[in-house]
2 protein chains.
Amino acid sequence: MVTLAEVAQHAGVSASTVSYVLSGKRSISANTRQRVERSIRELGYHPNAGARALASSKSNIIALMVPLRTDMYVPVMMEIAIAVATSARAHGYDVLLLTGEEGPDAVRRVAGSGIADGMILMDVELDDERLPLLRETDQPSVLIGLPADTSGLTCVDLDFRATGALCVEHLAKQGHQDIAVIGEAPAVYERHTGFAERTLEGLRSRSRELGVRLLHRPCEGGYDAMAVTLARILDERPGTSGLIVQNESAVEPLLALLRQQGRAVPEDVSVVAICPDQVAMQASVRLTSVAIPAQEMGRHAVDHLVAKLDGRGSDEVVLIAPELTVRGSTGPAPSRS
Amino acid sequence: MVTLAEVAQHAGVSASTVSYVLSGKRSISANTRQRVERSIRELGYHPNAGARALASSKSNIIALMVPLRTDMYVPVMMEIAIAVATSARAHGYDVLLLTGEEGPDAVRRVAGSGIADGMILMDVELDDERLPLLRETDQPSVLIGLPADTSGLTCVDLDFRATGALCVEHLAKQGHQDIAVIGEAPAVYERHTGFAERTLEGLRSRSRELGVRLLHRPCEGGYDAMAVTLARILDERPGTSGLIVQNESAVEPLLALLRQQGRAVPEDVSVVAICPDQVAMQASVRLTSVAIPAQEMGRHAVDHLVAKLDGRGSDEVVLIAPELTVRGSTGPAPSRS
DNA sequence: GTGAAAGCGCTAACAG
DNA sequence: CTGTTAGCGCTTTCAC
C-alpha cells in the first residue's frame with residue numbers, strides 16, 4: 001500500500017505539501033504541484049479512507065436507508081437508490097446501503113460511529129419511528145417522503161396531493177363523472193405511508209371541488225386481486241368511466257381484465273396511471289400517466305444533503321410538481337345511456 | 001462524541017482493556033467486563049469507524065457493484081442487493097453501494113483506498129473488463145454471475161445451463177415436440193451476459209438430446225415487442241406447443257396475447273417461465289417456473305466473501321441447482337391434428 | 001510557498 | 001488478567 005509519506009519522499013516534498021495538493025486548501029507553486037501529481041500517478045497512490053476520516057472527521061460517505069419490504073414498487077426504489085449513488089459520486093461521496101432491518105438503531109449506529117457524514121431515508125412513514133432520533137442527533141439528513149411532522153427536517157418528495165388532483169382534473173375535464181381509484185395494497189395504507197394518503201387527499205378534495213364522484217379501493221396487485229377489486233368497483237358504480245391506478249403491479253392485470261370484458265380503452269373507460277414512465281410506456285396500452293420522478297428525487301435528496309454538509313442548505317420541504325403525460329388511455333367520457 | 005478513552009476513564013480501566021472487551025480478543029474478568037459494558041451503555045459509546053479502520057486495516061465494509069443499466073429485471077437486482085446488505089450486517093459488515101458508472105476505476109479506487117475489505121460484483125459479463133484488475137489487486141472478491149474464464153475467481157450463480165435443460169425436459173416429458181424460447185432483450189445477448197448464453201446452451205443441448213425442436217427469439221419485452229415476437233414464432237413454427245420465457249417484462253404481455261388469440265394455457269400451449277417466484281405467482285396464470293433464487297445468491301456471495309476475509313474460503317464456482325415448480329401453466333401437449 | 005509536528009481514536013504488540 | 005505505548009495515514013495548526 002502506497003502512503004502519502006511515500007509520495008512526498010518520491011516527489012521530494014513534505015507530507016503536508018502533498019496533502020495540500022490533494023485538498024487544494026492552500027496555494028502550491030505550479031512546479032511543486034506537477035511533481036507531486038506525477039508521483040501520485042506513478043506510484044498509483046490512493047488516500048487511505050480510514051486515515052482521512054479519522055484526521056478530518058469526515059468520511060465522505062452518505063448512508064442510504066432503504067426499506068426491507070418489497071410490497072412497494074421495487075424498481076422505483078432501485079432507481080432512486082442508483083440515482084442517489086450516482087449523484088453522490090458526482091459530489092465525491094460514496095453511499096452506504098442500510099436496510100430497514102436495523103430500524104432506528106441504524107440511525108444511532110451511523111451517527112455514533114461517524115461512518116457516514118449524513119443520511120438519506122427512503123420510504124418514510126407518516127409517523128416514522130426514526131424521526132425522533134434523527135432530530136436528537138446532529139446527523140444531517142434528508143428524507144425521501146413526507147412524514148406528518150416535518151419540523152426541523154428536510155424532505156424531498158413528489159407532490160402527491162397535486163398528483164391526485166391532477167389525475168381527477170384530467171378525467172373531469174374529459175367529462176368523466178364517476179371515477180374509481182385502484183390504490184396501493186391495504187398494508188401500505190395501514191402503515192400510513194405518506195404518499196398514499198396524500199394522493200388520496202388530492203384525489204378527494206379535487207373531486208369534491210369539481211363535483212365528480214370518487215370511489216377508492218386499495219388493491220393488493222396481481223391478477224386475482226385486481227379481478228376482485230374491479231368487479232367490486234363496477235358492481236358498486238356501474239357508471240364508472242374513469243380509472244386511476246396507483247399500483248404498478250395492478251396495471252397490466254387491469255388492462256387484461258378490461259380487454260377480456262370487452263371494455264375498450266379509452267372508448268368505454270379511461271385509465272390514468274401514477275407510475276414510472278417506463279411502466280406507462282411498456283404497458284399493453286400506452287397509458288396516460290403522472291410519472292414518479294425517481295431519478296429527480298434521488299438527485300434532489302443528495303443535492304440537499306451535500307448542501308447541508310457544506311454548511312449551506314436549510315431545513316425545507318421540496319415538493320416536486322407532478323407532470324401528467326397524455327397518452328392513449330384517456331379520452332372523452334362515453335355519453336350516458 | 002464519546003471516545004474509547006472516556007469510557008476507559010469512566011470505568012476506571014485502561015483504554016486497551018476497553019478495546020479488548022469490545023473485540024473479545026483476550027479474556028477479561030467478569031467484574032471488569034461489566035463495569036466497562038456499563039460505562040459504554042451509560043455514555044452511549046460507539047467506536048469510531050475511521051479510527052478503527054486505520055488502526056486495524058479493516059473497514060468492515062463490503063463494496064457491492066450493481067449495474068447502472070436497467071434493461072435487466074430490476075427487482076431481482078434489488079432483491080440480491082438487499083440480501084447482500086442483510087447478510088453482510090449479520091456478519092458485522094456494512095455495504096457500500098457502487099454503481100457500474102465508474103466501471104473498472106471503482107475497483108481501483110476501492111482497493112486503493114482501503115475503504116472496503118472486499119467486493120461483490122453483480123451482473124458480470126462473460127468477458128468483463130473489471131476482471132483483470134480484480135486478479136491484479138489482492139482485494140478479495142466474489143462475483144455474482146459467471147465470466148468466461150473463472151480461474152482465480154470465486155463466483156456464485158444459478159446454474160443456468162441446468163435451468164435451460166430443466167425447462168426443456170419438463171416440456172418434452174409432457175409430449176411437446178416444438179418448443180420456442182422467448183429470450184431476453186437482444187442487447188443482453190450482444191453484451192454476452194453469461195446467464196443468457198448459458199441458459200441457451202442448456203436449452204439447446206438438452207433439446208438435441210431429447211429430439212425436440214427448439215426455436216429461440218430474443219424479445220425486448222413489453223406488449224408490442226412480444227406481439228411481434230410471438231407472431232413470428234407461430235408463423236415459423238405453427239405447431240409450437242411449448243413456450244419458455246426468460247424475460248420478466250414479456251411474461252404478462254405474452255399471457256394477454258395468448259388469451260386474446262384464443263389459445264388456452266395450458267390446454268393449447270404450455271408456458272414455462274424463468275423468473276422470480278413472485279412473478280410466477282402473481283401472473284394472470286399461475287406459471288410453472290424455475291425460480292431465480294435472488295436471496296440465496298446474495299447470501300452465498302456474502303458468506304463466501306466473509307470466509308475469504310477470514311482467511312478461510314477458496315476460489316471456487318458455486319452453481320445453485322435450479323428448481324422447477326409445476327403450477328398451472330403447463331400440461332400435456334395437445335394431440336397433433 | 002513550504003515544512004515540522006501534533007494529534008484524530010483505535011488496535012495490538014509488549015511488559016508485567 | 002490488565003496497563004503502557006507505539007503507531008495506523010492523514011489533516012492541520014504553527015512556524016518560517
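Reminder, nothing fancy here: chain letters follow the sequence lines and each chain counts from 1. Note that the coordinates shown come from a computational prediction; the quantities given were computed from them, not determined experimentally.
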By the 4.0 Å heavy-atom rule, please label B:I28 as base, sugar-phosphate, or nothing. sugar-phosphate
Side-chain contact, heavy-atom cut-off 4.5 Å: B:R130 with B:L133? no
Looking only at atom types and distance, does a side-chain atom of B:D117 sit under 3.5 Å from a main-chain N or O of B:S59, one as donor and one as acceptor? yes
Any chance you could list the contact pattern along nucleotides 3-10 of chain C? Use B for base contacts, S for sugar-phosphate-only contacts and - for none, protein heavy atoms under 4.0 Å, 5' to 3'. BB--BBBB
Between C:dT2 (P) and A:R35 (CZ): distance, integer Å: 8 Å
Answer whether the closest heavy-atom distance between the side chains of B:Q139 and B:V107 falls below 4.5 Å. no
Which value, rounded to the nearest 0.5 Å, describes the distance between A:L121 atom CG and A:L134 atom CG? 5.5 Å
Using atom CD1 of A:I40 as one end and atom C1' of D:dC10 as the other, report the distance to the nearest whole Å. 13 Å
Any side-chain N or O of A:K25 under 4.0 Å from OP1/OP2 of D:dT12? yes
For B:S29 and B:N31, does a side-chain donor sit closer than 3.5 Å to a side-chain acceptor? no
Could you list the donor-acceptor pairs under 3.5 angstrom formed by side chains in residues 84-91 of chain A, with sequence neighbours left out?
from	atom 1	to	atom 2	distance (Å)
A:T86	OG1	A:I82	O	2.7
A:S87	OG	A:A83	O	2.7
A:H91	NE2	A:D303	OD1	3.0

